[in-house]
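Here is how names work: the chains are called A, B, and so on, in the same order as the sequence lines, proteins then strands, and each is numbered from 1. Only a predicted model underlies this, so the values are computations on that prediction, with no experimental measurement involved.
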Number of protein chains: 2
Amino acid sequence: MSIPAYQQIKNFILDQIQKGTWLPGAQVPSENQLVEQFSVSRMTARRALNELSDQGFLKKSQGLGTFVADSRPLSSVLVVKSIAEEVRERGHSYSNNIISVRRIKADSLQATSMGVAEGDALIESTMVHHENGTPIQFEHRLVNPVLVPEYDQQDFNKLTPNEYLSQVAPLTEAELSIEAVQPEKKVGIALEISNQCPCLKVTRRTFSQQGIVSLAELIHPGSRYRLGSKISVGK
Amino acid sequence: MSIPAYQQIKNFILDQIQKGTWLPGAQVPSENQLVEQFSVSRMTARRALNELSDQGFLKKSQGLGTFVADSRPLSSVLVVKSIAEEVRERGHSYSNNIISVRRIKADSLQATSMGVAEGDALIESTMVHHENGTPIQFEHRLVNPVLVPEYDQQDFNKLTPNEYLSQVAPLTEAELSIEAVQPEKKVGIALEISNQCPCLKVTRRTFSQQGIVSLAELIHPGSRYRLGSKISVGK
DNA sequence: CAGTGGTCTAGACCACTGG
DNA sequence: CAGTGGTCTAGACCACTGG
């Protein structure tokens with residue numbers, strides 16, 4: 001046989017997902033069921049499930065089973081540097097306007113994305129970053145106070161949240177998504193734009209050795225901000 | 001022992017890389033050597049090496065061995081893969097609708113961005129990419145016919161412009177910017193959205209050895225597309 | 001409790017690379 | 001050829017989840 005068994009199982013599962021036979025959230029056959037169905041050992045069945053999980057098609061839960069993941073667009077690699085640094089590199093003046101920094105209790109959505117229990121403490125900070133006095137980024141951020149207990153005692157005029165966090169909790173991983181959105185009313189007001197104006201929204205989750213450090217939503221007026229990069233291909 | 005054996009092996013290897021004992025390109029112990037060194041089975045040693053390869057720290061070559069990978073580029077780097085590939089990886093069906101492919105004479109703006117003289121010939125292609133029949137990307141592209149003379153004779157249902165170009169003119173560099181915009185009327189119509197809907201616009205210029213190959217504007221409905229990525233920091 | 005996934009073993013045969 | 005990684009087996013014990 002030229003196609004490896006684990007690949008055949010992967011193809012079978014991907015087929016079902018593609019055809020819509022198995023919808024997001026549906027349970028896929030257990031390792032033991034695949035063992036019987038494909039006459040393979042459990043290690044081979046596991047391999048198929050693990051690779052599909054790593055690729056984001058499936059989601060495993062010990063004791064529960066394996067499920068079709070919510071479909072997610074994924075592609076690229078992007079690193080966003082500190083906004084203050086970026087502005088200064090352009091030779092412009094940087095300033096910010098801190099709206100609030102406070103402790104809150106995680107609701108269920110926040111708990112899930114921060115990897116804590118519902119009701120656990122989180123620190124929430126909200127501010128607007130300016131370039132030459134013009135608002136260019138609205139930042140809403142959640143921070144895990146267990147990992148960064150002194151976050152809410154910082155002077156963010158000295159060091160931006162991003163800069164402070166990268167000092168005290170060096171990140172090992174980051175996850176980010178970029179989308180175009182219409183700003184909520186309060187965001188539009190803070191950015192001094194109409195809420196017709198399309199905005200670039202970057203959602204960034206950072207991980208350190210100890211777990212999820214922070215979830216940041218960064219909203220930029222489309223008219224005043226672009227993300228750019230240049231890539232050299234080392235071939 | 002609470003830390004799994006494969007994790008201990010991973011930590012050991014990461015330590016050597018971090019301390020600089022093992023430099024990029026250096027060969028790491030083979031699976032069989034790790035088996036002896038850590039008194040584990042080969043499957044466990046393999047798991048450690050495989051996970052580190054998947055994470056980009058190591059590079060395996062059958063018959064040769066496993067080596068420390070070159071340290072990862074950690075600048076503002078973004079790679080956009082083929083839209084067709086991306087859709088298919090999600091297990092969805094890909095299709096496209098070609099609006100036009102034609103030769104034009106460069107106006108001054110086009111000439112500047114393509115690095116040609118005003119009045120020189122360019123090929124312009126316009127099309128809409130679909131995922132499961134829903135428009136997700138409007139593509140407007142300029143191509144230099146001197147570098148890719150047969151571009152306007154391709155069947156883009158077989159190979160997307162991106163895929164074709166990366167075959168005939170392997171890129172050495174790419175420049176891109178991402179912004180949020182309101183779509184022009186004709187783009188909104190092609191994408192079947194209202195032109196109130198904020199869109200993600202990716203502008204991508206690609207270079208080969210010979211010069212600027214192509215300038216692409218890729219417009220995605222904010223409601224149907226996100227750019228995402230996950231980054232591991234190799235330190 | 002039965003069923004799930006998580007870790008692990010001690011083997012096997014194979015394809016590939018260099019000398 | 002000996003050594004490497006690639007696929008695979010048929011078991012084992014474990015931690016976790018729900019009923």
**Request:** Return the nearest nucleotide to the side chain of A/Gln62; candidates are C/dG5, D/dT4, D/dC8.
**Result:** C/dG5
**Fill in**
Of B/Thr66, B/Leu49, B/Val28, B/Val40, the one forming a side chain to side chain contact (heavy atoms under 4.5 Å, CB included) with B/Leu34 is B/Leu49
**Message:** OP1 or OP2 of D/dT9 versus the side-chain N and O atoms of A/Thr44: is any pair under 4.0 Å?
**Reply:** yes
**Message:** Taking the side chain as everything from C-beta on, heavy atoms only, tell me whether A/Phe156 gets closer than 4.5 Å to A/Tyr151.
**Reply:** yes
**Asked** Within the structure, does a side-chain N or O atom of B/Arg46 lie under 4.0 Å from either OP1 or OP2 of D/dG5?
**Response** no
**Request:** Between B/Asn32 and A/Tyr6, name the one whose nearest nucleotide on DNA chain D is closer to the 5' end.
**Result:** B/Asn32
**Asked** Which part of the nucleic acid, if any, lies within reach of B/Arg47 when heavy atoms closer than 4.0 Å are counted: base, sugar-phosphate only, or nothing?
**Response** sugar-phosphate
**Message:** Test your reading of the model: is there a side-chain donor-acceptor pair from B/Gln27 to the backbone of B/Leu64, 3.5 Å cut-off?
**Reply:** yes
**Asked** So which nucleotide does C/dG6 pair with, by the Watson-Crick or G-U wobble rule with both distances under 3.5 Å?
**Response** D/dC13
**Asked** Below 4.0 angstrom from OP1 or OP2 of C/dG6, is there any side-chain N or O of A/Lys60?
**Response** yes
**Prompt:** Hey, is A/Arg103 close enough to A/Asp152 for a salt bridge, meaning N to O under 4.0 Å?
**Reply:** yes
**Item:** Separation of D/dG6 P from B/Leu64 CG (nearest whole Å)
**Value:** 11 Å
**Request:** For A/Glu51 and for B/Gly65, find the nucleotide of DNA chain D with the closest heavy atom, then tell me which residue's nucleotide is more 5'.
**Result:** B/Gly65
**Message:** Can you tell me if B/Thr66 touches the phosphate of D/dG5, counting only side-chain N or O atoms and a distance under 4.0 Å to OP1 or OP2?
**Reply:** yes
